[in-house]
Structure formats: structure tokens, C-alpha cells
Amino acid sequence: MEPTLYTIVIFSAVLAFYRVYRRWTRFSLADVPGPEPESFLLGSLPEYFQSPVGEADFKWQARYGHVVRVKGILGTDRLLISDPKALQHMYHSGYNIRKQDLRAEVTSVLTGPGLAWANDAAHQRQRRINSPAFGTADARSYIPIFAAYANVSTCDFMIEAEMLAQMQTIMQAGHETTATTISWTLFELSQHPDMQAKLRAEIQDTERAIHARGDTEFKYTDLEAMPYTIAVMKETLRFHPVSQVSTSLLVLSLLLTRACIRRFNGVREAARDEVLPLSKPIILVASIPGYNRNTDVFGPDAHIFNLERWLDGTVQMTTPLGVYGNLLTFGTGHRACIGWRFAVYEYQSFLIELAKNFEFSMDPSLANKVLRRAALVMVPTIAGEQEKGPQLPIIIKAAF
């Protein structure tokens, strides 16, 4: 055989072997494990949407890992994701990750053509116009107003429809989320009297320091120098994320962290970060409850309410993700909540006034019946009394 022909044969054989090897070892959507669908018509969606918020996420996360293939309507695939690197890739890849068309239309009906609805250039323009009103300095300027109310109880422009939509978005995404988060905070305070006492003590110590310097109101420097109060807030936002799900449409590929998927029933783990190629777009569901209880990020006791994790260095920041405490509660990337600073200061101001002036407790027999249900935001309900709607029967007494 001629040397040249021999070289071609050897090269062709090696190339053929490599292609077979790559085809055999290539990571694909079929490798991603997930639950068996309940039916072809609805897949596993009934369990996901009809269970208390987070229950399906936690069960599938424990069984299949941090990226789970879930069957939807008529056998369609979607990925439920709680892996930090995959989430980072999703939300920091510009507009390759798009808002799902159906979800965008529903959002348009609820809030109009505002930030929550917009995509691509429209989203960039609206965010650019709205951002100055939610910067750090502007958010800090509202602190006295928050405290007062709690104590009493360029050439860019937007058309009228967009301005009205921003107002709708602020009311729905700003008011209900903060109010419901405070409800969950009061629930946890009622379950942890020692935590409640330490929180009140830090508030009183801070107030004494404020009065000692001749001031009467909290400044942002005071709020940011209250580690125990901040730990209560972060742990509540982690454990009870009121915005429980974010759905997008992936149009390219997805980067997966090593070992984030238990491949082939745990026989083989990914040895390195891998890219999941896609032949067509697929729905991605960012599991906010799942990520917020990812034990690799928040420690082995992530399924327990324990604010000490924020004080002892347990929380891992290896993969930067969320805008506050590395949580996914406020989102991340270009889809992060534009008013998160405003929300944090508002939340803290109201919490200070409530914890300073009142004590919270709850009948243990009712506390064990509290369920987390999705109703645009995650609301508390009582088992067996769902027909009464959201309720949280906390006992409130004046603190002396």
C-alpha cells in the first residue's frame, strides 16, 4: 500500500472511531433524568402545579439532581434547573434566553407592555429608562418614608401604554411580594421566640446608638450595620421565595456544572462542565425554591430555616448569581428585579417597626397546617381550609 494511501486509511479509521466515540459519549437531552409522566396529555405538570410550592422541586432535586427533565403537555420536554452554573449561563447570556411566548402574552394581559413583558430591545430600553429611579441613592432616600408609614401603619421615552404598564408592574411585583414576604417573616418569628428576642434586642441597641448621636431616624448606614436583622431577612427570602418560578425559552445550548446531573441512574457522573446541545428550543424552568435550597450553595441543612448560615460563613459564593445574598429570589442577570434595593430597604424598615413594637406567636396546631400555595405569589394557607384563601392566624401582642 502506498504511504499516502496508508495515511488516508489510518486517518479515516481514526476519524470514524472518533465520531462513533463522540456519538456514544456525547451528552444529550436523553441523558437528563426526570420523573415518569403521569400522562401523555399533561405529563408531570399536575404534580408540579398542584403540590404545595417547592414540594415537587425538592423531591425531584433529591432524586435526579439539579437539572431535571420534566414532561409537559403532549410529551414536550422542559428542564427544571436549580444548578448555579446552569442558571448563571441562562441569565447572563443576553437575550439568547427568551421569555416564553405564552408567558409573555399572559404577562401582557396582567400588566400590559411593561418590563415584565418586554424582550430584546424593548426590554433594554424600558430598563434603561426605569433604572435611575431604582438606583442605590434613590432607594436609600425612601428609608425615612418607609419608617414613617410603618410607624403609622436622555432621548428615551415611553408611550402612555408602557408607563401605565410600569405602574401595574410596580403594584403587582412590588407591593404583593414585599407584603407576602413580611407575612412569612412573621410566621418564622412566631416559630422561633429566641430569634424574635435577638432581633428585637439588635433593633433596640441600634436605636440607642441613633439617639446617642442626636438623630431620631434610621439611616441606610444603620440598616446595613444590623447583621442579625439582615440574616433574618436573607433566610426568609431564601426559605420562602414568594416568586417561586421563572420560565424561559432556551434557543441555543446550556452549560451544566460537573456532577449536577446524576447520569444513567448515578452510574456515571459528569467529569467536567458539559454543554447540553439542543436541536430545537426548549422551555427552561428556573427552580427558585430548588436553587435556594441547593445544599452545595447553602449548606447541608438547606432544608431547615437557620439564619446562622448567614453569620458563620456557610453560604458559598463560588458561582455569583443573585443580586442579594446570592439568592435567586430577586432573579439575576438582565432579568433581575429592577427594584430589589428599594424592596430590601422597604422590607427592613417595616420589619424593624413591627419587631420593635409587637410580639408574634401562633397556635402550634395551626402552625403545622400552614401550606405554601401559588397565587401569582407564594401565599400561606391552612390545610383543609384552602377555600378560605390566604390566611396566617398569628397572635400579635404589644411588646414591652
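Along the sequence shown, the residues carry numbers beginning at 1. What you see is a predicted model; the values in this text were computed from it and never measured.
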Next item on the list: Determine whether Leu371 and Val379 fall in the same hydrophobic cluster, where Ile, Leu, Val, Met, Phe, Trp and Tyr are linked whenever their side-chain heavy atoms lie under 4.5 Å apart.
Entry: no
Notebook entry, point to check: Can you name the side-chain contact (heavy atoms from CB on, under 4.5 Å) partners of Leu45, sequence neighbours left out?
Noted result: Phe49, Ile73, Arg78
Notebook entry, point to check: Between Phe239 and Arg293, does a side-chain contact (heavy atoms from CB on, under 4.5 Å) hold up when you go through it step by step?
Noted result: CA-CA 7 Å; Phe239 205 76; Arg293 298 202 196 181; 3.5 Å; yes
Notebook entry, point to check: What's the spacing between Ile288 CD1 and Leu327 CG if we round to 0.5 Å?
Noted result: 10.5 Å
Next item on the list: Work out which heavy atom in Thr381 is nearest to a heavy atom in Pro390; give both atom names and the distance.
Entry: CG2-CA, 4.2 Å
Notebook entry, point to check: Is a side-chain donor or acceptor of Arg309 paired with a backbone partner of Asn306 at a separation under 3.5 angstrom?
Noted result: yes
Next item on the list: Would you give the length of the straight line joining atom OH of Tyr91 to atom OG1 of Thr332, rounded to the nearest 0.5 angstrom?
Entry: 9.0 Å
Check: Hey, is Arg213 close enough to Asp222 for a salt bridge, meaning N to O under 4.0 Å?
Finding: yes
Check: Same hydrophobic cluster for Leu311 and Phe305, using side-chain heavy-atom links shorter than 4.5 Å among ILVMFWY?
Finding: yes
Item checked: Minimum heavy-atom distance Val70-Trp60, with the two atoms named -> CG2-CZ3, 3.8 Å
Check: Looking only at heavy atoms, what is the nearest atom pair of Trp310 and Ala231, with distance?
Finding: CD1-O, 3.7 Å
Next item on the list: Using side chain to side chain donor-acceptor pair (under 3.5 Å) as the criterion, point out the one residue from Asp57, Asp83, Asn294 that pairs with Ser287.
Entry: Asp57
Item checked: Side-chain heavy atoms of His89 within contact of Lys85, under 4.5 Å -> no
Note to self: Pair Asn357, Glu353 - check side-chain contact (heavy atoms from CB on, under 4.5 Å), show working.
What the structure shows: CA-CA 6 Å; Asn357 293 300; Glu353 292 299 326; 3.6 Å; yes
Next item on the list: Mind jotting down which residue pairs meet the salt bridge (charged side-chain N to carboxylate O under 4.0 Å, His left out) criterion with at least one end in residues 387-400? Sequence neighbours excluded, please.
Entry: Glu385-Lys388
Note to self: When you group the ILVMFWY residues by side-chain heavy-atom contacts below 4.5 Å and let the links chain together, are Trp184 and Ile395 in the same group?
What the structure shows: no
Margin query: Less than 4.5 Å apart, side chain to side chain, heavy atoms only: is that true for Tyr324 and Arg341?
Written below: no
Note to self: Closer than 3.5 angstrom, by distance alone: can the side chain of Arg69 be matched with the main-chain N or O of Pro33 as a donor-acceptor pair?
What the structure shows: no
Check: Hey, what do you get for OG (Ser51) to CZ (Phe58), rounding to the nearest 0.5 Å?
Finding: 11.5 Å
Item checked: Close aromatic pair by centroid cut-off 6.0 Å: Tyr291 and Phe298 -> yes
Notebook entry, point to check: Is the Phe358 ring parallel, tilted or perpendicular to the Phe360 ring (thresholds 30°, 60°)?
Noted result: tilted
Next item on the list: Indicate yes or no: at least one non-hydrogen side-chain atom of Glu359 is less than 4.5 angstrom from one of Gln196.
Entry: yes
Checklist line | Sub-4.5 Å side-chain heavy-atom contact between Leu79 and Val285 | finding: no
Checklist line | Point-to-point distance, once rounded to the nearest 0.5 Å, from NZ of Lys71 to CG of Leu41 | finding: 14.0 Å
Next item on the list: Could you list all the side-chain hydrogen bond (donor to acceptor under 3.5 Å, both in side chains) pairs where at least one residue sits in residues 366-378, not counting sequence neighbours?
Entry: His240-Arg372
Next item on the list: State, yes or no, whether a side-chain contact exists between Pro393 and Asp363 at a heavy-atom distance under 4.5 Å.
Entry: no
Note to self: If only side-chain N and O atoms count, and only distance matters, is there a donor-acceptor pair under 3.5 Å linking Glu55 with Tyr48?
What the structure shows: no
Item checked: Shortest non-hydrogen contact from Asn292 toward Leu328 -> OD1-N, 3.2 Å
Item checked: Asp215 and Lys219 ion-paired at < 4.0 Å -> yes
Notebook entry, point to check: Going through the distances and angles, do Glu235 and Arg238 end up as a side-chain contact (heavy atoms from CB on, under 4.5 Å)?
Noted result: CA-CA 5 Å; Glu235 187 65 355; Arg238 183 190 75 84; 2.8 Å; yes
Check: Does some side-chain heavy atom of Tyr64 sit less than 4.5 Å from a side-chain heavy atom of Val32?
Finding: no
Item checked: Backbone N/O of Tyr347 and side chain of Thr178: donor-acceptor pair under 3.5 Å -> no
Check: Mind checking whether Leu321 and Met317 sit in one hydrophobic cluster, side chains of I, L, V, M, F, W, Y counted as touching below 4.5 Å?
Finding: yes
Next item on the list: Give a yes or no answer on whether the side chain of Gln391 reaches the backbone of Pro380 with a donor-acceptor pair at less than 3.5 Å.
Entry: no
Note to self: Among Ile203, Leu189, Ile182, Thr236, which residue satisfies the side chain to side chain contact (heavy atoms under 4.5 Å, CB included) criterion with Leu351?
What the structure shows: Leu189
Item checked: Within one Ile-Leu-Val-Met-Phe-Trp-Tyr cluster: Val323 and Ile230, side-chain cutoff 4.5 Å -> yes
Checklist line | Closest heavy-atom pair and its distance - Gln316, Asp296 | finding: CG-O, 3.6 Å
Note to self: Does any part of the side chain of Val370, heavy atoms only, come nearer than 4.5 Å to the side chain of Leu392, both counted from C-beta?
What the structure shows: yes
Checklist line | Shortest non-hydrogen separation from His192 to Glu188 and the atoms involved | finding: ND1-O, 2.8 Å
Margin query: Can you confirm whether the side chains of Gln88 and Thr319 place a donor and an acceptor under 3.5 Å from each other?
Written below: no
Checklist line | Any Val344 side-chain heavy atom under 4.5 Å of Phe330 side chain | finding: yes
Next item on the list: Would you sort out whether Glu176 and Val242 count as a side-chain contact (heavy atoms from CB on, under 4.5 Å), showing the intermediate values?
Entry: CA-CA 9 Å; Glu176 291 297 332; Val242 295; over 6 Å; no
Notebook entry, point to check: Checking Gln386 side chain against Gly384 main chain: does a donor-acceptor pair fall under 3.5 Å?
Noted result: yes
Next item on the list: Output the distance between atom CD (Glu207) and atom CD1 (Ile352), rounded to the nearest 0.5 Å.
Entry: 8.0 Å
Notebook entry, point to check: Looking only at atom types and distance, does a side-chain atom of Gln61 sit under 3.5 Å from a main-chain N or O of Gly290, one as donor and one as acceptor?
Noted result: yes
Item checked: OG1-CG distance between Thr185 and Leu354, expressed to the nearest 0.5 angstrom -> 9.5 Å
Notebook entry, point to check: Side chains of Arg208 and Gln204: donor-acceptor distance under 3.5 Å anywhere?
Noted result: no
Notebook entry, point to check: Side chains of Thr229 and Glu202: do they bring a donor and an acceptor to under 3.5 Å?
Noted result: yes
